[in-house]
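The structure that follows is given in the form of C-alpha cells.
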Amino acid sequence: MEGTTTNKFYTTKRVLSYNTPFIFTLGNRSIGKTFGWTKRTIDVFLAKRRKFIYVRRYEEDLKRVAPSFFDAVAFKFPGHEFSVQGNGKSGTVFRIDGMQAGITIALSTATKFKSISLPDYDTIMFDEFLSEDNDYLTDEVGKALGLYQTVARGDGKAIRPEVRFVFIANNVSMNNPYFRELKIRERIRPGAKYTVDPDRAWVVELTNNKAIADEIVQTPFGKMLAKTKYGDYSLHSQFYLDDNNFIEKPKGESRYLCTLVYKDKKYGVYDYFNAGYVWISTKYDKSSMSIFSLTTSDHKPNYTFLYKARYNDVILFLRYAYENALLRFDNGDSKAMFIDFMGYL
C-alpha cells in the first residue's frame with residue numbers, strides 16, 4: 001500500500017515543492033487528482049495569465065471529455081465565466097472570462113504542433129496517461145518528450161525551467177512505457193509516497209487515500225467492490241495490472257533458445273523441457289548467435305528482425321507457449337517486455 005494518507009482530498013502542493021519538470025501523480029480512484037490539477041491550472045491563469053495544455057492520448061478521448069473540462073471545478077470560482085470553444089479535438093480552446101487560458105492536444109497528433117511557439121504555456125496536463133488496455137502509441141515516451149520540448153522552448157531559452165508536464169492516472173501498472181524507459185520503476189521503494197530522480201528531472205507521487213476509500217467502502221457498492229481484485233486497485237491503491245502470476249524461479253535442466261532485444265535491452269529465452277515451460281529472463285547468453293530484434297531501432301547486423309521471422313520455428317514455439325500459458329518470467333520487467341513482444345506477432 002503506497003503512500004497512505006488520511007487527508008480527505010488530493011492537493012498538488014507537496015509534489016510541486018520538488019520543482020521537477022515531469023510530475024507523475026498516481027493514486028486510487030475518486031481522490032480528486034484531476035480535480036486538484038485542474039483547479040491549479042485555473043488558479044495559475046487567474047493569478048499570472050499563464051496558460052495550460054490538456055492532453056489525452058487520442059483525439060476521440062479529447063472529444064469525449066474536453067467539452068466538460070471545467071464542469072466539476074467551476075463552483076470553486078464564483079464570479080468567473082468558463083467556456084470551451086471547439087469539439088474537444090486538438091486545438092480546442094479553453095476560455096476563462098473570455099480570455100484564452102488553454103488548448104487541447106492529442107499526444108497522437110502532437111508532432112503537428114512542433115513549429116508553433118507556446119512561450120506563455122507553463123503546464124501540460126496529461127490525464128489518464130496509463131492505459132488499462134495496454135494501448136500505448138508507438139514510441140509514446142518519445143512523443144511526450146517531444147511535446148515538452150516544443151512547449152518549453154522560447155523566451156530566449158532552450159528550455160524554460162518553469163514548464164511542468166503533469167501525468168495523472170489511477171494505479172494501473174508499474175510496467176508502463178514511461179516507468180520503463182525513464183528507469184523509474186526500479187527506483188520506487190515499497191511504501192514510498194514520493195520518489196525523485198537523482199537528476200531532478202521527475203518526481204513520482206503514489207497516493208493511497210484511506211479517507212476516501214473508507215467512505216466508499218461504507219456504501220453497498222463499496223462493500224461489494226472490496227471483495228474483488230478491482231477493489232484492491234480502486235480502494236487500496238494496488239496496481240491493477242501488476243501481479244506475480246507466471247513469475248517464478250526455474251527448476252531442472254534447460255537449453256538456451258535465443259536472445260530477444262527490445263528497446264536496447266537483451267532478454268534470454270530458456271526451454272525448461274522437463275518442467276514443461278519456457279523461461280524469459282533478464283539474464284542472457286552473450287555467446288548466443290540466435291538473436292531476434294523486436295523493433296527497427298533495435299536491429300543490428302547478425303540479428304534477425306522479428307517482422308521478417310514471424311514463421312521462424314523459435315517464434316512459433318514462443319507463440320505456442322504464450323497461448324497455452326507455458327511461459328514463466330524472472331521478474332515483472334521480463335513479463336512486461338514479452339507482453340509488448342506479443343504485440344508484434
Worksheet entry | Heavy atoms from other residues, nucleotides or ligands near CD of Gln149 exceed 12 (cutoff 6.0 Å) | no

Practice prompt. May I ask you to check whether Phe129 and Phe24 place their ring centers less than 6.0 Å from one another?
Written response: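 Yes - the distance between ring centres of Phe129 and Phe24 falls below the 6.0 Å cut-off.
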
Worksheet entry | Contact check, side chains of Ile188 and Val204, non-hydrogen atoms, under 4.5 Å |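 Yes, their side chains come closer than 4.5 Å.
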
Worksheet entry | ring pair (Phe, Tyr, Trp, His ring centres under 6.0 Å) assessment of Tyr270 paired with Trp279 | CA-CA 5 Å; Tyr270 302 78; Trp279 193 56; 5.6 Å; yes

Discussion item. Please determine whether the number of non-hydrogen atoms from other residues, nucleotides or ligands lying under 6.0 Å from atom CD of Gln100 exceeds 12.
Written reply: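 Above 12, so yes.
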
Discussion item. Ring pair (Phe, Tyr, Trp, His ring centres under 6.0 Å) for Phe70 and Phe94? Distances and angles first, verdict last.
Written reply: CA-CA 9 Å; Phe70 291 118; Phe94 297 115; 5.6 Å; yes

Worksheet item: Do Lys39 and Asp43 meet the salt-bridge criterion of a basic N to acidic O distance under 4.0 Å?
Response: yes

Practice prompt. Please lay out, stage by stage, how Phe52 and Tyr121 fare under the test ring pair (Phe, Tyr, Trp, His ring centres under 6.0 Å).
Written response: CA-CA 5 Å; Phe52 64 90; Tyr121 285 77; 7.9 Å; no

Discussion item. Under 4.0 Å between a side-chain nitrogen and a carboxylate oxygen: does that hold for Glu140 and Arg57?
Written reply: yes

Discussion item. With heavy-atom distances below 4.5 Å as the criterion, would you say the side chains of Phe126 and Leu107 are in contact?
Written reply: yes

Worksheet item: Ile124 versus Arg164: any side-chain heavy-atom pair under 4.5 Å?
Response: no

Worksheet entry | Crowding at CZ, Arg187 (>12 non-hydrogen neighbours, <6.0 Å) | no

Worksheet entry | Common cluster, Val44/Phe22, ILVMFWY with side-chain heavy-atom separation under 4.5 Å |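 No, Val44 and Phe22 fall in different hydrophobic clusters.
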
Discussion item. If the threshold is 4.0 Å, N to carboxylate O, is there a salt bridge linking Arg50 and Asp122?
Written reply: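 A salt bridge links Arg50 with Asp122.
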
Item to complete: Indicate the atoms forming the closest heavy-atom contact of Gly88 with Thr104, along with that distance.
Response: O-OG1, 3.1 Å

Discussion item. Please tell me whether Tyr272 and Leu260 are part of a single hydrophobic cluster in this structure, the criterion being side-chain heavy atoms less than 4.5 Å apart.
Written reply: no

Worksheet entry | Plane angle bin for Phe82 and Phe77 - parallel if under 30°, tilted between 30 and 60°, otherwise perpendicular |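 Because their plane-to-plane angle is over 60°, the rings of Phe77 and Phe82 count as perpendicular.
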
Fill in: Ring-ring centroid check Phe246 Phe329, cutoff 6.0 Å
no

Discussion item. Once side-chain contact (heavy atoms from CB on, under 4.5 Å) is applied, do any residues pair with Lys266, and if so which ones, sequence neighbours excluded?
Written reply: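 Result, side-chain contact (heavy atoms from CB on, under 4.5 Å) vs Lys266: Thr259, Val261, Tyr284, Tyr303.
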
Discussion item. For Tyr54 and Phe69, I'd like to know if the aromatic rings sit close, meaning centre-to-centre distance below 6.0 Å.
Written reply: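 Yes.
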
Worksheet entry | Any side-chain donor near an acceptor of the partner, Asp135 and Tyr58, under 3.5 Å |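 Note: Asp135 and Tyr58 side chains meet the donor-acceptor criterion.
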
Item to complete: Please check if the distance between the ring centroids of Phe35 and Tyr10 is under 6.0 Å.
Response: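 They do not qualify: ring centres at least 6.0 Å apart.
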
Item to complete: Would you check if there is a donor-acceptor pair between the side chains of Thr282 and Asp330 at a distance under 3.5 Å?
Response: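 There is such a pair (donor and acceptor under 3.5 Å, judged by atom type) between the side chains of Asp330 and Thr282.
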
Worksheet item: Heavy atoms, side chains only, cut-off 4.5 Å: are Ile291 and Thr304 in contact?
Response: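 No, every pair of side-chain atoms sits at 4.5 Å or beyond.
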
Practice prompt. Answer with yes or no whether the side chains of Asn170 and Lys33 bring together a donor and an acceptor at under 3.5 Å.
Written response: yes

Worksheet item: Do other residues, nucleotides or ligands put more than 12 heavy atoms under 6.0 Å from Tyr320 OH?
Response: no

Worksheet item: Is the backbone N or O of Leu130 less than 3.5 Å from a side-chain atom of Tyr136, with the two atoms forming a donor-acceptor pair by type?
Response: no

Worksheet item: Under a 4.0 Å N-O cut-off, is there an ion pair linking Lys265 with Asp333?
Response: yes

Discussion item. Using a strict threshold of under 4.0 Å (side-chain N to carboxylate O), is an ion pair present between Arg160 and Asp155?
Written reply: no

Worksheet, complete the sentence: When every non-hydrogen atom of Thr38 is compared with those of Thr41, the smallest separation belongs to O-OG1, 2.7 Å

Worksheet item: Looking just at side-chain N and O atoms, do Asp127 and Thr34 make a donor-acceptor pair shorter than 3.5 Å?
Response: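 Indeed, the side chains of Asp127 and Thr34 share at least one donor-acceptor pair under 3.5 Å.
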
Discussion item. Between Lys89 and Glu59, does any NZ, NE, NH1 or NH2 come within less than 4.0 Å of an OD or OE carboxylate oxygen?
Written reply: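 A salt bridge is absent here (no side-chain N lies under 4.0 Å from a carboxylate O).
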
